[in-house]
There are 2 protein chains.
Amino acid sequence: MDSKGIKVLVADDEPDILEIVRYKLEAEGYEVATASNGEEALQKARSVKPDLIILDVMMPFRTGMDVCRMLRSDTAFHDTLILMLTALNDELSQVRGLEYGADDYINKPVSPRVLISRVHALLRRKARNIDEAPIQLESLRIDPTQFSVHHEGQAIALAKKEFELLYLLASRPRRVFLRNEILSHVWGPDVIVGDRTIDVHIRKIRQKLGIDCIRTVKGVGYKFEM
Amino acid sequence: MDSKGIKVLVADDEPDILEIVRYKLEAEGYEVATASNGEEALQKARSVKPDLIILDVMMPFRTGMDVCRMLRSDTAFHDTLILMLTALNDELSQVRGLEYGADDYINKPVSPRVLISRVHALLRRKARNIDEAPIQLESLRIDPTQFSVHHEGQAIALAKKEFELLYLLASRPRRVFLRNEILSHVWGPDVIVGDRTIDVHIRKIRQKLGIDCIRTVKGVGYKFEM
DNA sequence: CCGGAGCATTATCAAATTGTTAACCGAAGC
DNA sequence: GCTTCGGTTAACAATTTGATAATGCTCCGG
């Protein structure tokens, strides 16, 4: 239940890899910025203020480790996640990446699947630690830290999946979420469930909330709108 | 699931694997073409124009990576999905598969179930290629992210086809779109529908919008103009 | 004025999509 | 072990959408 306006900066000097990673991340709903060298990565980090930075170790102008170290010494990036991509079996850089304060690192070559799942994991971790922002929309309050939903002061009990689904939709009011997106965010990227499963959960949410705030966009998906 | 008219090309030099994959894919309703070496894969790709190509890395005449790279350098295959089958633990080819622009890859041996689910996932993503740029023309706002149209603040509900048609026209104001162009963009390149179908949708849009912003160019097509 | 070409409109029907209910299954609690 | 709850699925109902046919309109040339 993430990727509401979550920004990821990807820095790699290989244009192809950059594009594939961008594609994959965007398919998961993240906002993606890219940089093709260390210097650009620093600049973009400052202008974009991403939640997560994926850094290739080997880059022109500044190495990923350089960038990592500089970001970490800046308090503005204190809780920005950094994921390092290290060269094949270059264990030394793993160590040093860690020393410089990366939150995770992956050995190249890396499959897109693995990368995405690590990204998810990192962001989930961050979300838990830092605390996810409660959403307040008119009289409806959705608080992920308490896992609770209140409407006009009344507590409404939602089951886990129901809550996650509602939280996803409400995290970006009026944006349409395709059924695929919903599946991949609430159920996970590779989970296969039946076609009617989403509907049923939507129905339960509508039923329990008692207010009409989830719109069906036929042939497309669902969106939250008060 | 639909998978109507979706074409998949499978290239592998193992006849048994080829047949199993073909069988599974056809059972899912895909149209399947096969090739048993790299050269043949290239030819078939050009003649069949598949939506997705499954490439074995190790093939005679041309390796899968070779084929992948050649296809990617051809603009006609720019948005053709490529799924690479790599030998077990052949990590090097993973990297290179990525560099050459495969959209995903799977390590052999692969279970048919997994293969099918990856294929589904890839095609779903492709299907969802909404251009995410909202269009704002005077008091009319067309937002593909929200799948919504607003005129002077008022939301106007359009059905999917109507929305896509309007979005196409509005994406290039004052440019005339021929009926063929409209058909191939909104309905797809190979869909055959009657002559009056476009008219009917145009009418519905005009009706719902309430403003006269779609001009008929007799004998030619339609254009958007505020 | 007439007739045809091309488009607009409307009604209608089939297909696609979603809503709803009930039943099932497994895991967590009692 | 029994019960409850959440999650999933299946089956069917309800709704919406898209496509077509039929008909009307309008512009034009003859």
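So that the names make sense, note that chain A is the first sequence line, chain B the second, and so on, each numbered from 1. Being a predicted model, the structure only gives us computed values, none of them experimental.
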* To do: Please work out whether the ring planes of B:F163 and B:F147 are parallel, tilted or perpendicular, with thresholds of 30° and 60°.
  => parallel
* Structure fact -> Whole-Å distance, A:I198 CD1 to D:dG6 P, equals 20 Å
* Establish, with yes or no, whether the OP1 or OP2 oxygen of D:dG18 is under 4.0 angstrom from a side-chain nitrogen or oxygen of B:W187. => no
* To do: Could you work out which one of D:dG7, C:dG19, C:dT9 sits closest to the side chain of B:D199?
  => C:dT9
* **Any N/O donor-acceptor pair, A:K218 side-chain to C:dT17 base, under 3.5 Å** => yes
* Asked: Charged N to carboxylate O under 4.0 angstrom, A:E181 versus A:R175?
  -> yes
* Asked: Where the side chain of B:A159 is defined as all heavy atoms beyond and including C-beta, which of C:dT18, D:dG18, D:dT20 is the nearest nucleotide?
  -> D:dG18
* Closest non-hydrogen atom pair between A:A170 and A:L137, with its separation -> O-CD1, 4.0 Å
* If you check the B:E162 side chain, which of D:dA19, D:dG18, C:dG19 turns out closest? -> D:dG18
* For DNA chain D, find the residues of residues 201-211 of chain A with a heavy-atom distance under 4.0 Å and give them by number; none if there aren't any. => A:H201, A:K204
* Starting from the 5' end of DNA chain D, give me the residue, B:L158 or B:D195, whose nearest nucleotide shows up first. => B:L158
* Asked: Below 4.0 angstrom from OP1 or OP2 of C:dA8, is there any side-chain N or O of B:T216?
  -> yes
* Figure out the CZ/P separation between B:F177 and C:dC7, and round it to whole Å. => 17 Å
* Asked: How many angstroms lie between atom CG of A:L115 and atom CD1 of A:I17, to the nearest 0.5 angstrom?
  -> 10.0 Å
* Take atom CG of A:L165 and atom P of D:dG6, then tell me their distance rounded to the nearest Å. => 15 Å
* Asked: Between B:Y222 and C:dA8, is there a side-chain N or O to OP1/OP2 distance below 4.0 Å?
  -> yes
* Structure fact -> The answer to which of A:V200 and A:R196 contacts DNA chain C further toward the 5' end, by nearest nucleotide, is A:R196
* Looking across every strand, which nucleic acid part, if any, lies under 4.0 Å from A:T197 by heavy atom: base, sugar-phosphate, or nothing? -> base
* Figure out the CD/P separation between A:E164 and D:dG6, and round it to whole Å. => 13 Å
* Does the side chain of B:E40 come under 3.5 Å of the side chain of B:S36 through a donor N or O and an acceptor N or O? -> yes
* Asked: Say you draw a straight line from CZ of A:F224 to CG of A:L140; how long is it, rounded to the nearest 0.5 Å?
  -> 5.0 Å
* Within this structure, what is the CZ-to-C1' distance between B:R215 and C:dC7, rounded to whole angstrom? -> 16 Å
* Structure fact -> Winner on side-chain proximity to B:K161, out of D:dA19, C:dC7, C:dG19, is D:dA19
* Can we say B:D199 and B:R179 salt-bridge, meaning some charged N sits less than 4.0 Å from an Asp/Glu carboxylate O? -> yes
